[in-house]
Amino acid sequence: MTEARLSLGRMGEDAAAQYLQRLGMKILQRNVSTPVGEIDLIARQRRTLIFVEVKTRRSSAFGSPAEAVGPRKQRQIIRAAKWYLNDNPGKGLQPRFDVVSILVSGRDLKIEHIPGAFED
């Protein structure tokens, strides 16, 4: 992965974490690696344990960043969350999957938060 892509991703995750904290969520962990995939952010808000996928792009030429979280990626994140919960029981917390989409234009960030993004 290129340095520019790494820094764009890191910038997006930092912005997403700050945004979610402003909404009252507590960031529990970042970049959680499991044998079946990575979870960008794990947050908690009251009785909800939130697994967050962050997508950051410089352009929407190929669709919004959130559109990059298709069914295959969703399945991978769900598998990683199940793995995580096997090692870290949620203590009665309700799991939820959110997507934070960030579009970067110069110094401006357009943040879109989709709570419960994987629900039908």
Side-chain angles (χ1 to χ4, degrees):
M1 197 176 291
T2 67
E3 175 113 6
R5 180 170 277 165
L6 260 176
S7 62
L8 180 66
R10 173 67 60 165
M11 179 181 63
E13 287 177 10
D14 289 346
Q18 290 171 9
Y19 175 83
L20 295 173
Q21 287 172 323
R22 284 194 303 270
L23 293 179
M25 296 181 198
K26 179 178 181 185
I27 304 301
L28 302 177
Q29 289 183 279
R30 295 176 64 149
N31 302 110
V32 177
S33 258
T34 74
V36 294
E38 183 181 285
I39 302 165
D40 293 331
L41 301 171
I42 298 176
R44 179 176 177 174
Q45 188 172 37
R46 296 189 263 314
R47 303 294 304 154
T48 305
L49 186 64
I50 307 158
F51 298 95
V52 182
E53 176 67 9
V54 179
K55 284 295 177 195
T56 309
R57 300 282 186 270
R58 291 194 186 279
S59 163
S60 58
F62 299 105
S64 77
E67 290 174 325
V69 187
R72 182 172 176 264
K73 183 65 172 175
Q74 290 178 19
R75 285 190 301 273
Q76 179 186 359
I77 296 165
I78 291 168
R79 279 195 309 270
K82 286 179 180 177
W83 189 279
Y84 173 85
L85 288 171
N86 281 336
D87 287 345
N88 305 279
K91 298 180 185 87
L93 299 177
Q94 179 65 40
R96 186 177 85 198
F97 297 91
D98 290 9
V99 172
V100 175
S101 165
I102 301 176
L103 196 55
V104 179
S105 177
R107 297 182 138 228
D108 295 327
L109 302 178
K110 179 182 176 193
I111 299 175
E112 178 186 11
H113 175 217
I114 307 166
F118 299 0
E119 298 170 8
D120 292 332

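Keep in mind that this is a model prediction, so the values were computed, not measured.
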- Task: Could you go through the side-chain contact (heavy atoms from CB on, under 4.5 Å) check for L49 and L28 one step at a time?
- Result: CA-CA 9 Å; L49 186 64; L28 302 177; 3.6 Å; yes

Minimal non-hydrogen separation, [X] against [Y], with atom names:
| X | Y | value |
| --- | --- | --- |
| I114 | A66 | CD1-CB, 3.7 Å |
| A16 | V54 | CB-CG2, 3.7 Å |
| A15 | I102 | CB-CD1, 4.0 Å |
| R30 | A17 | NH1-CB, 4.1 Å |
| R46 | R44 | O-NE, 2.9 Å |

If I take atom [atom1] from residue [X] and atom [atom2] from residue [Y], how far apart are they, to the nearest 0.5 angstrom?
| X | Y | atom1 | atom2 | answer |
| --- | --- | --- | --- | --- |
| T34 | N88 | OG1 | CG | 11.0 Å |
| I27 | D40 | CD1 | CG | 11.0 Å |
| R57 | S101 | CZ | OG | 8.5 Å |
| S33 | I39 | OG | CD1 | 9.0 Å |
| R22 | I111 | CZ | CD1 | 6.0 Å |
| L93 | T48 | CG | OG1 | 7.5 Å |

- Message: Tell me whether L41 shares a hydrophobic cluster with V36, the cluster being built from Ile, Leu, Val, Met, Phe, Trp, Tyr side chains joined at under 4.5 Å.
- Response: no

- Query: Are V100 and L103 linked, directly or through other ILVMFWY residues, by side chains that come within less than 4.5 angstrom of each other?
  - Reply: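 No, V100 does not connect to L103 through the hydrophobic network.
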
Should [X] and [Y] count as side-chain neighbours, where that means a heavy-atom distance under 4.5 Å?
| X | Y | result |
| --- | --- | --- |
| Q45 | M25 | yes |
| R10 | N31 | yes |
| S105 | K110 | no |

For residues 76-87, tabulate all N or O donor-acceptor pairs below 3.5 Å that involve a side-chain atom, not counting sequence neighbours.
from : atom 1 : to  : atom 2 : distance (Å)
Y84  : OH     : Q29 : OE1    : 2.8

- Query: Aromatic rings H113 and Y19: how do their planes relate, parallel, tilted or perpendicular, breaks at 30° and 60°?
  - Reply: perpendicular

- Task: Start with the C-alpha gap between V69 and F118, add the side-chain angles, then the distance that decides, and say whether side-chain contact (heavy atoms from CB on, under 4.5 Å) holds.
- Result: CA-CA 9 Å; V69 187; F118 299 0; 3.9 Å; yes

